[in-house]
There are 2 protein chains.
Amino acid sequence: MNKDHLYLAKLRDYYANTGVFPPYSGIAKLIGMRSKGGVSAMVKRLANAGYLDVTSDRRIKPQKSFFERELFDYVQAGLPQSANDTLAEPYSIDEYLINTPSRTVLLTIKGDSMIDAGLMPGDVVIVKKGAPAKAGNIIVAIVDGEYTVKYLEARDGQYYLRPANKAYPEIYARDHLEIFGLVVGSFRKY
Amino acid sequence: MNKDHLYLAKLRDYYANTGVFPPYSGIAKLIGMRSKGGVSAMVKRLANAGYLDVTSDRRIKPQKSFFERELFDYVQAGLPQSANDTLAEPYSIDEYLINTPSRTVLLTIKGDSMIDAGLMPGDVVIVKKGAPAKAGNIIVAIVDGEYTVKYLEARDGQYYLRPANKAYPEIYARDHLEIFGLVVGSFRKY
DNA sequence: TTTCATATTGAACGATAGTTCTATATGATG
DNA sequence: CATCATATAGAACTATCGTTCAATATGAAA
């Protein structure tokens, strides 16, 4: 058995903290090797295994699998049922949620008007500015100059905003509905 | 006025796609400079501005501000209210949600037993294995060999599991409650 | 326009990163 | 124990990366 998974774990933690890889001599120190030669070999192994990539300018760059986290798949329909650790697609959360950083904006949810959609106060939604939206999507609209997160709905060819909380009223725009962006994801920290 | 924000945008998009920075000659090409000297100066400016950091081994590494995304703060208590684009802490979602990758596991929510806690089916929770948990936390427990996500609660010094959905029963462990990990966050993609 | 501050070009230089290779260590298998 | 496969140590080598600096371009202010 080989120790590459240990090395990988250390590289992952290091990269998670710094956003870069150290030079080979630094990697050697990090993983407890005494020489760069071994690092070179190890990097090749990890590259073959799909965790790393060595660019043409001799830089180590993380590959998809590098960001892979164990993703457990478990069924839970009331009472806990079978649990198998099928791990699915690799996940870098950022990469998974955000495609175009320059068009992406984050917005903190305040209030409980979208609570039935699973958006709690304090949650952060990921908004893609200017993305096309259609009925049923959650969007950020600008109503009377104010940002608001709601479902976009259509009735009789007319768009309106619907909260996911029956305690709040639907919102009809006076003349036209200005859509700031499309909500493409959300996250929350406890 | 200077063009650094344009350069920064390009660096951000590049880094978002690849996870590394190109060498200075590559950066020059990327941002439309013809020489490395200018890149060197530009990197220094961005470093001063807190976007980048140059390590002792002459590597460029992203700093906090590099991951900053526009974070809008908006108040929404039923009817949309004031909206100001105060941007708060910088966010790399991964960095924000995950501290120790090697101890972190992702778990997909199935079923609606935690729906009142804003965890919908399909949401992914971020689980820190073996982290200390106390009553009131959302945890992943192993009950009869099965994984389940629930609130951890205590009554009379006895721990039990509480679903966030009144349609489901509380769960009392037969002998002892095995806690797999603490739920430290969650995310969702639409 | 002239002046001044700042940004970029372009080339030469020195440091050092990663490669490569052989020798040694490690550890599984019979 | 002996054998074999694999991983690491260690040192020498070369490519190339980022620095530096003078010269030039850019652009705002007087």
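Every chain is numbered from 1 and lettered A, B, ... according to where its sequence line falls, protein lines coming before strand lines. Just the heavy atoms: all of them, side chains too, but no hydrogens, waters or symmetry mates, feed the values below. The model shown is predicted, which means the values in this text are computed figures rather than measured ones.
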Discussion item. Looking only at the side chain of B:Arg34 (C-beta and beyond, no hydrogens), which of the listed nucleotides C:dA17, C:dT9, D:dT20 gets closest?
Written reply: C:dT9
Worksheet item: Side chain of A:Arg59: nearest nucleotide among D:dC17, C:dT20, C:dG18?
Response: D:dC17
Discussion item. Quick check for you: among D:dG18, C:dT8, C:dA17, whose closest atom lies nearest to any side-chain atom of A:Pro23?
Written reply: C:dA17
Item to complete: Could you check how far CE of B:Met33 sits from P of C:dT8, rounded to whole Å?
Response: 4 Å
Fill in: Protein-nucleotide distance (B:Leu30, atom CG; C:dT8, atom P), rounded to Å
14 Å
Worksheet item: Do A:Asp4 and A:Tyr51 have side-chain atoms, one donor and one acceptor, less than 3.5 Å apart?
Response: no
Worksheet item: Could you state the NZ-P distance from A:Lys29 to C:dA17, rounded to the nearest angstrom?
Response: 11 Å
Practice prompt. Give a yes/no on whether any side-chain N or O of B:Ser35 is located under 4.0 angstrom from OP1 or OP2 of C:dT8.
Written response: no
Fill in: Atom pair distance, as rounded to whole Å: CZ in B:Arg58 and P in C:dA17
7 Å
Worksheet entry | Nearest-Å distance for atom pair NZ/C1', residues A:Lys36 and D:dT14 | 11 Å
Fill in: Atom-pair distance (CE on B:Met42; P on D:dG18), nearest Å
12 Å
Practice prompt. May I ask you to evaluate whether B:Arg45 reaches the phosphate of C:dT8, defined as a side-chain N or O under 4.0 Å from OP1 or OP2?
Written response: yes
Worksheet item: Nearest-Å distance, CG (B:Leu46) to P (C:dT8)?
Response: 11 Å
Worksheet item: Are B:Ser113 and B:Lys150 linked by a side-chain donor-acceptor pair shorter than 3.5 Å?
Response: yes
Discussion item. When you compare the side chains of A:Glu170 and A:Tyr172, does any donor N or O come within less than 3.5 Å of an acceptor on the partner?
Written reply: yes
Worksheet item: Counting just side-chain N and O atoms, does B:Lys44 come under 4.0 Å of either OP1 or OP2 of C:dA7?
Response: no
Item to complete: Treat each ILVMFWY residue as a node, draw an edge where side-chain heavy atoms are under 4.5 Å apart, and state whether B:Tyr159 and B:Leu161 are in one component.
Response: yes
Worksheet item: Can you check the A:Asp57 CG to D:dG18 C1' distance for me, whole Å?
Response: 13 Å
Worksheet item: Would you say a side-chain N or O of B:Ser40 is under 4.0 Å from OP1 or OP2 of D:dT20?
Response: no
Worksheet item: Are any side-chain N or O atoms of A:Asn137 and backbone N or O atoms of A:Lys134, one a donor and one an acceptor, separated by less than 3.5 Å?
Response: yes
Worksheet item: When we call it a touch if two heavy atoms are under 4.0 Å apart, what does B:Tyr7 touch: a base, just sugar-phosphate, or nothing?
Response: sugar-phosphate
